[in-house]
Amino acid sequence: MVNKALYILIFVRNNTFGKDKKGFPIFAIMESTRQKKVSRLIQKELSVIFQQNTQEILGNIMVSLTIVRISPDLADANIFLSIFPVDDPEAALKVIKSNTVMIRKKLGESVRNQLRIVPTLQFHLDDSAAYFEEIDRLLKK
């Protein structure tokens with residue numbers, strides 16, 4: 001019973017597309033094949049961009065793209081990042097958000113033959129590992 005509740009919580013957590021203006025999660029459970037292909041392409045290209053440019057943006061910090069969710073019109077992309085080893089991941093995320101224009105430009109240069117429109121990028125912290133540990137700790141009580 002505990003494992004089933006944990007799996008449900010993880011499923012809900014992993015299938016959120018972002019949050020609306022009031023902070024409620026937006027779900028994108030059913031993605032089209034085109035959305036899946038574009039999100040995989042964006043994840044692959046952004047991982048290369050972060051691998052090449054993280055040193056000059058953040059220093060000795062590793063950035064990992066965990067999830068890329070794209071809107072049905074392929075115009076908006078929510079990118080979830082894991083940032084380590086850093087004491088304050090919010091500050092590192094703020095630096096990444098301030099360089100969004102440069103990152104989007106490099107993404108546009110790398111996918112110009114595959115995509116007609118380069119989606120706007122919205123970066124979020126992926127705290128699913130900490131979330132999992134917290135849920136596991138609460139369920140063990």
Side-chain angles (χ1 to χ4, degrees), residues 2-141:
V2 172
N3 285 339
K4 188 173 184 179
L6 186 60
Y7 287 129
I8 291 170
L9 288 172
I10 291 171
F11 176 79
V12 168
R13 174 82 172 166
N14 288 339
N15 287 303
T16 58
F17 186 68
K19 295 185 179 179
D20 63 1
K21 293 178 182 176
K22 294 182 180 178
F24 294 110
I26 300 169
F27 292 98
I29 295 172
M30 297 297 292
E31 287 184 326
S32 68
T33 305
R34 179 75 176 147
Q35 281 177 284
K36 290 177 185 177
K37 287 181 181 180
V38 170
S39 62
R40 279 193 306 257
L41 174 70
I42 289 173
Q43 185 170 9
K44 183 182 125 208
E45 295 298 330
L46 279 177
S47 65
V48 170
I49 290 169
F50 276 112
Q51 188 177 21
Q52 293 171 350
N53 298 314
T54 302
Q55 187 73 21
E56 62 191 43
I57 295 173
L58 294 171
N60 291 329
I61 294 176
M62 187 172 86
V63 177
S64 174
L65 278 78
T66 54
I67 302 170
V68 175
R69 301 271 186 214
I70 191 135
S71 64
D73 62 352
L74 306 177
D76 298 315
N78 286 318
I79 295 111
F80 293 88
L81 305 171
S82 292
I83 303 171
F84 30 71
V86 66
D87 295 330
D88 187 18
E90 292 288 334
L93 182 66
K94 191 179 284 188
V95 171
I96 291 171
K97 283 183 178 181
S98 67
N99 289 309
T100 301
V101 174
M102 183 266 305
I103 295 169
R104 186 171 183 244
K105 183 175 187 275
K106 289 186 186 257
L107 178 66
E109 291 170 358
S110 62
V111 298
R112 69 175 173 247
N113 295 329
Q114 289 97 354
L115 295 177
R116 187 175 297 169
I117 298 171
V118 179
T120 58
L121 306 176
Q122 299 168 352
F123 294 103
H124 308 281
L125 276 179
D126 182 27
D127 55 352
S128 58
Y131 181 76
F132 175 74
E133 290 174 4
E134 180 68 19
I135 295 297
D136 193 39
R137 185 186 64 79
L138 290 173
L139 291 174
K140 285 184 180 179
K141 279 188 177 181

| request: Using salt bridge (charged side-chain N to carboxylate O under 4.0 Å, His left out) as the criterion, list what pairs up with Arg112, not counting sequence neighbours. | output: none
| Roughly how far apart are Asp126 CG and Asn78 CG, rounded to 0.5 Å? | 12.0 Å
| query | Rounded to the nearest 0.5 Å, what separation is found between the CG atom of Leu81 and the CD1 atom of Ile67? | reply | 10.5 Å
| query | Judged by atom type as modelled, is there a donor-acceptor pair below 3.5 Å linking the side chain of Gln43 to the main-chain atoms of Leu65? | reply | yes
| request: Look up atom CG in Leu74 and atom CD1 in Ile117, then write down how far apart they are to the nearest 0.5 Å. | output: 8.0 Å
| How close do Ile61 and Pro85 get, heavy atom to heavy atom, and via which atoms? | CG1-O, 4.4 Å
| Which pairs pass salt bridge (Lys or Arg N to Asp or Glu O under 4.0 Å) with one or both residues in residues 81-105, sequence neighbours excluded? | Lys105-Glu109
| query | Yes or no on side chain to side chain contact (heavy atoms under 4.5 Å, CB included) for Leu41 and Lys37, after CA distance, side-chain angles and deciding distance? | reply | CA-CA 6 Å; Leu41 174 70; Lys37 287 181 181 180; over 6 Å; no
| field | Sidechain-backbone polar pair: Ser64 side chain, Ser82 backbone, donor-acceptor under 3.5 Å | value | no
| So, does Ser39 use its side chain to make a donor-acceptor pair with the main chain of Ile70 at under 3.5 Å? | no
| request: Kindly state each residue pair satisfying side-chain hydrogen bond (donor to acceptor under 3.5 Å, both in side chains) with at least one member in residues 47-63, sequence neighbours excluded. | output: Gln55-Asn60
| At what distance, to the nearest 0.5 angstrom, does CD of Gln35 lie from CG of Asp73? | 8.5 Å
| said: Between Ile103 and Ile96, does the side chain to side chain contact (heavy atoms under 4.5 Å, CB included) criterion hold? Intermediate values first, please. | reply: CA-CA 9 Å; Ile103 295 169; Ile96 291 171; 4.1 Å; yes
| note | One should read off an interatomic distance between Asn99 CG and Leu58 CG, to the nearest 0.5 angstrom, of 8.0 Å
| Chi angles and distances behind the side chain to side chain contact (heavy atoms under 4.5 Å, CB included) call for Val63, Ile57 | CA-CA 11 Å; Val63 177; Ile57 295 173; over 6 Å; no
| message | Would you say CZ of Arg137 has more than 12 non-hydrogen atoms from neighbouring residues, nucleotides or ligands within 6.0 angstrom? | response | yes
| NE2 of His124 to CG of Leu93: how many Å apart, nearest 0.5 Å? | 9.0 Å
| request: For residues Leu115 and Val38, determine if any side-chain heavy atom of one lies less than 4.5 Å from a side-chain heavy atom of the other. | output: yes
| field | Minimal non-hydrogen separation, Leu121 against Thr100, with atom names | value | O-CG2, 3.7 Å
